[in-house]
Amino acid sequence: MKIKILEIRRIIMLLLEEIYKSHKAQNSAHFNLRIHRGLGWFKKSLDLDQDLDFKFISLWISFQAIYADESDLVQDQSKLQQFLEMLCQKDLDQKINHILWEKYSQPICSLLANPYVEQSFWDYRHQKISLESCQVDLETQKQNIENALKERNSVEILAGIFQRLSTLHHQIMQGGATYHSSLNYKSLEESCRILAALLPVFICILLENSQTLDLNKPYYPAAQVS
């Protein structure tokens, strides 16, 4: 089954590359750079099925490539939510909903219920907040997710997913996780499955709406030193 899914993703990758190349002349240089970077890192992730740590990192960079811009010196949750909302609005074929509510609902619910990818849990462990504040925040997050699931609110579910993915990414990149750790295996495996499913859809929606979803200048735009 894993081999079949990987083959399908490689085919999707080739199709996305063809769409990107065939419409490249019509799009702005900034838009093309985003897609080029996003596709490149996603393509690399397809070779890393046996190394979840680096697969996750590659997938996360792919997402940041298509999303982040030069104003993103600090994480802006409201801006991320606006980006996810735009994608959902433009997703006329309901590809995102199919992933969230049908195909990957089980790993998504598992990730959303995992306290170890909640930033509040780690803020408490690092003595940045009190136990009471941590418990209140975790309960609030739990209630928000339950409401979003009940209302089938795709934007809120996506926002919850990416909040947790951001925490996992920060933990890994700050040296807070052991390479190939059994403790992180489930979180990484679920995160990779979800990101690998969502990213091609996000890129496809951007390509289908390149004129209206041509965002700001990419984070670290291409430059040459003379």
Query raised in the report: Looking at Glu208 and Lys90, does any basic side-chain N land under 4.0 Å from a carboxylate oxygen?
Result: no
Query - Parallel, tilted or perpendicular: rings of Phe83 and Tyr67 (30°, 60°) - result: tilted
Requested in this report: For residues Val117 and Leu165, determine if any side-chain heavy atom of one lies less than 4.5 Å from a side-chain heavy atom of the other.
Outcome: no
Query raised in the report: Is the distance between the ring centroids of Phe63 and Phe162 under 6.0 Å?
Result: yes
Query raised in the report: Can you hop from Leu33 to Ile35 via hydrophobic side chains spaced under 4.5 Å?
Result: no
**Report entry** Separation between CZ of Phe202 and CE of Met86, rounded to the nearest 0.5 Å
**Finding:** 11.5 Å
Query raised in the report: Apart from Leu15 itself, which Ile, Leu, Val, Met, Phe, Trp or Tyr residues share its cluster (side-chain heavy atoms under 4.5 Å, direct or through members)?
Result: Ile11
Query raised in the report: Are His30 and Arg34 side-chain neighbours, meaning at least one heavy-atom pair lies under 4.5 Å?
Result: no
Query - Test: Asp51 and Lys55 ion pair at under 4.0 Å - result: no
Query raised in the report: Is the shortest heavy-atom distance from the side chain of Cys192 to the side chain of Leu59 under 4.5 Å?
Result: yes
Report task. For the residue pair Gln94 and His98, confirm or rule out a side-chain donor-acceptor distance under 3.5 Å. Result -> no
Table please: side-chain donor-acceptor pairs of residues 151-160 below 3.5 Å, with sequence neighbours left out.
from: Asn153; atom 1: OD1; to: Val155; atom 2: N; distance (Å): 3.3
from: Asn153; atom 1: OD1; to: Glu156; atom 2: N; distance (Å): 3.1
from: Ser154; atom 1: OG; to: Asn97; atom 2: OD1; distance (Å): 2.4
from: Ser154; atom 1: OG; to: Trp101; atom 2: NE1; distance (Å): 3.0
from: Glu156; atom 1: OE2; to: Gln81; atom 2: NE2; distance (Å): 2.8

Query raised in the report: Do other residues, nucleotides or ligands put more than 12 heavy atoms under 6.0 Å from the CD atom of Gln50?
Result: no
**Report entry** Min side-chain heavy-atom separation Ser166-Trp60 under 4.5 Å
**Finding:** yes
Requested in this report: Quick one: name the residues clustered hydrophobically with Val136, using the 4.5 Å side-chain heavy-atom rule over I, L, V, M, F, W, Y, and just say none if it's on its own.
Outcome: none
Query raised in the report: Under a 4.5 Å side-chain heavy-atom rule over Ile, Leu, Val, Met, Phe, Trp and Tyr, are Leu131 and Trp122 clustered together?
Result: no
Query raised in the report: Can you hop from Leu138 to Ile145 via hydrophobic side chains spaced under 4.5 Å?
Result: no
Report summary line: When rounded to the nearest 0.5 Å, the distance separating CG of Leu188 from CZ of Phe56 is 7.0 Å
Query raised in the report: With distance as the sole test, does Asn27 use its side chain to make a donor-acceptor pair with the main-chain N or O of Phe31 at under 3.5 Å?
Result: no
Query raised in the report: Linking I/L/V/M/F/W/Y whenever their side-chain heavy atoms sit closer than 4.5 Å, directly or via other members, would Tyr104 and Ile8 fall into one cluster?
Result: yes
Query - Single-linkage hydrophobic cluster, 4.5 Å side-chain cutoff, Tyr185 and Tyr116 together - result: no
Query raised in the report: With a cut-off of 6.0 Å (strictly less than), are more than 12 heavy atoms of other residues, nucleotides or ligands near NZ of Lys43?
Result: no
Query raised in the report: Nearest 0.5 Å, what's the CD1-CG distance between Ile203 and Leu198?
Result: 11.0 Å
Query raised in the report: Backbone N or O of Leu46 within a donor-acceptor pair of the Arg10 side chain at under 3.5 Å?
Result: yes
